[in-house]
There are 2 protein chains.
Amino acid sequence: MNASNHTYRPEPLRMTNQRKGILEEVQKARQHLTADEVYELVRKKQPRISLSTVYRNLEKMADAGILARLELSGNQRRYDWNTDMHHHARCVRCGAVRDVPVDAGVELDLGSQAINGFAVSGFRLEFKGICEKCR
Amino acid sequence: MNASNHTYRPEPLRMTNQRKGILEEVQKARQHLTADEVYELVRKKQPRISLSTVYRNLEKMADAGILARLELSGNQRRYDWNTDMHHHARCVRCGAVRDVPVDAGVELDLGSQAINGFAVSGFRLEFKGICEKCR
DNA sequence: AATAATAATAGTAATTATTCCTAAAAGTCA
DNA sequence: TGACTTTTAGGAATAATTACTATTATTATT
Ligand SMILES: [Mn+2]
Ligand SMILES: [Mn+2]
Ligand SMILES: [Zn+2]
Ligand SMILES: [Zn+2]
């Protein structure tokens, strides 16, 4: 029931050189990179790539689920190679972002799916603190 | 123990007309306003106020704890009249932001204060879902 | 293979949110 | 009053992101 009645055109995603280069850097960096950082990395191998291509493709691949948009408060947008559900911790001193596994001292009861009339479909948890380097 | 050793100069905050107008609007709106929205509201009563004054004073008053900075993912910054600890839920359709009381189905164990070498001092929890209007 | 249709690109301009700068105005206080 | 400090308005500057456009590359169709 309630199936969509018009056929999906699956939006072909051509795997261009630029796209491949971008994805590669994001995946091998194993960090949470900004568009600008990705640009600087890809540039080394593809000096003619443009910044807007990087922006566009990070967004496209995030939409496609190939990588994850990392939404942190009040910052430059970052992208995550890790598309699995996990949380993040940010150092208030140096701004470093660390992964936090879902079970690390965190228990979140989403059983009551309706908060204040909201149909809750997900949540985002962001820790703040001070990393070991900054102590 | 561990008290700061230099005396605090308590940073005098003059309660100017502009400041009063800004605070008033934030508090009576009972919404999570952006700087721009505050500007438009205050303008009605103080047509000569400048946008940068609004920005500057929202920041100052947030620093002073008179109002709260509301940090949501990837958005324009918003300010909260409510400085008590609480969470927020955002509607993915219309963007509306609702308050979520700290005890609403949420149990977060911060007993283990060290996550991954991080000295955790706080966290931010943001729900996403669909509000009643958008269903 | 040639042609047509579609998608992606580089480079740049435009937009948006925010912060910075500066000279003038207003508030504080001895 | 006069010195000092804070705040202001208005505009310029910055930073991140998005939009535009002519060109190039890829895929589909004859
Ligand atoms: Mn991550
Ligand atoms: Mn709130
Ligand atoms: Zn740090
Ligand atoms: Zn809604």
Side-chain angles (χ1 to χ4, degrees), chain A residues 7-26 32-64 66-80 90 95 97, chain B residues 8-26 32-64 66-80 95 97:
Chain A
T7 45
Y8 258 130
R9 192 137 58 93
E11 270 280 338
L13 255 204
R14 295 178 185 169
M15 194 42 76
T16 61
N17 266 1
Q18 291 89 331
R19 222 160 256 174
K20 213 183 305 181
I22 291 165
L23 186 57
E24 211 168 279
E25 296 300 337
V26 172
H32 307 89
L33 302 172
T34 64
D36 211 72
E37 289 166 348
V38 174
Y39 176 58
E40 291 304 332
L41 288 170
V42 181
R43 234 143 109 72
K44 290 177 185 164
K45 297 182 177 167
Q46 305 186 37
R48 313 223 22 158
I49 199 171
S50 88
L51 180 57
S52 61
T53 295
V54 174
Y55 269 104
R56 181 168 18 84
N57 284 318
L58 285 170
E59 285 300 293
K60 280 229 162 164
M61 292 191 283
D63 286 345
I66 301 170
L67 47 82
R69 227 174 254 109
L70 179 60
E71 305 200 317
L72 290 169
S73 50
N75 263 329
Q76 215 171 344
R77 192 171 298 160
R78 290 180 178 276
Y79 296 86
D80 201 333
R90 195 167 41 141
V97 179
Chain B
Y8 260 131
R9 192 137 57 91
E11 271 279 340
L13 256 204
R14 294 182 186 166
M15 194 42 78
T16 61
N17 265 2
Q18 291 88 332
R19 221 161 256 172
K20 213 183 306 182
I22 291 166
L23 186 57
E24 209 169 281
E25 295 300 336
V26 172
H32 306 89
L33 302 172
T34 64
D36 211 72
E37 289 166 347
V38 174
Y39 176 57
E40 290 305 332
L41 288 171
V42 182
R43 233 142 108 72
K44 289 177 187 164
K45 297 181 177 168
Q46 305 186 35
R48 312 225 22 164
I49 200 171
S50 89
L51 179 57
S52 60
T53 294
V54 173
Y55 268 104
R56 180 168 19 83
N57 285 317
L58 285 170
E59 285 300 293
K60 281 231 162 163
M61 291 191 282
D63 286 345
I66 301 171
L67 45 84
R69 227 173 254 109
L70 180 61
E71 305 200 315
L72 290 168
S73 50
N75 262 329
Q76 215 171 342
R77 191 170 302 159
R78 288 180 180 276
Y79 296 86
D80 201 334
V97 178

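Being a predicted model, the structure only gives us computed values, none of them experimental.
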Partner of D:dT30 by Watson-Crick or G-U wobble geometry, both contacts under 3.5 Å, or none? C:dA1
Using side-chain heavy atoms (C-beta onward) and a distance below 4.5 Å, is B:M61 in contact with B:V26? no
Set of side-chain contact (heavy atoms from CB on, under 4.5 Å) partners for B:L51, sequence neighbours left out: B:D36, B:Y39, B:Y55
The criterion is side-chain contact (heavy atoms from CB on, under 4.5 Å); which residues satisfy it with A:Q46, sequence neighbours excluded? A:N17, A:Q18, A:V42, A:I49
Taking D:dT7, C:dT18, D:dT17 as options, the one with an atom nearest any side-chain atom of B:R19 is D:dT7
To the nearest angstrom, how far is B:I49 atom CD1 from D:dT7 atom C1'? 11 Å
What is the distance, rounded to the nearest whole Å, between atom CG of B:L51 and atom P of C:dC21? 17 Å
With respect to the side chain of B:Q18, which nucleotide from D:dT8, C:dA17, D:dG10 is positioned closest? D:dT8
Kindly point out which of D:dT7, C:dA10, D:dT8 is positioned nearest to the side chain of B:T53? D:dT8
Any idea which of D:dG10, C:dT18, D:dT7 is nearest the B:S50 side chain? D:dG10
Taking side-chain hydrogen bond (donor to acceptor under 3.5 Å, both in side chains) as the test, write out the residues that go with A:T53, two or more places apart. A:S50, A:R56
Calculate, to the nearest 0.5 Å, the distance between atoms CG and CE belonging to B:L23 and B:M15 respectively. 6.0 Å
Rounded interatomic separation in angstrom, taking CG from B:L58 and C1' from C:dA17: 13 Å
Between the protein and nucleotides 20-29 of chain D, which nitrogen or oxygen pairs are less than 3.5 angstrom apart?
from: D:dT26; atom 1: O2; to: A:R14; atom 2: NH2; distance (Å): 3.3

Do any side-chain nitrogens or oxygens of A:K60 fall under 4.0 Å of OP1 or OP2 in C:dA7? no
Can you tell me the distance, in whole Å, between the CG atom of A:N57 and the C1' atom of C:dA7? 11 Å
Report yes if at least one side-chain N or O of B:Y55 is closer than 4.0 Å to OP1 or OP2 of C:dT19; otherwise report no. no
Rounded distance in Å - OH (B:Y39) to P (C:dT16): 16 Å
Contacts of A:E40 that satisfy side-chain hydrogen bond (donor to acceptor under 3.5 Å, both in side chains) - sequence neighbours left out: A:R43
Holding to salt bridge (Lys or Arg N to Asp or Glu O under 4.0 Å), I want the full list of residues that pass it with A:K20, two or more places apart in sequence or in another chain. none
Spacing of B:E37 atom CD relative to C:dT18 atom P, expressed in whole Å: 11 Å
Taking atom P of C:dA8 as reference, at what distance in whole Å does atom CG of A:D63 sit? 12 Å
Separation of C:dT18 atom P from B:D36 atom CG, nearest Å, is 9 Å
Can you find a side chain N or O atom of B:N17 that sits less than 4.0 Å from OP1 or OP2 on D:dT8? no
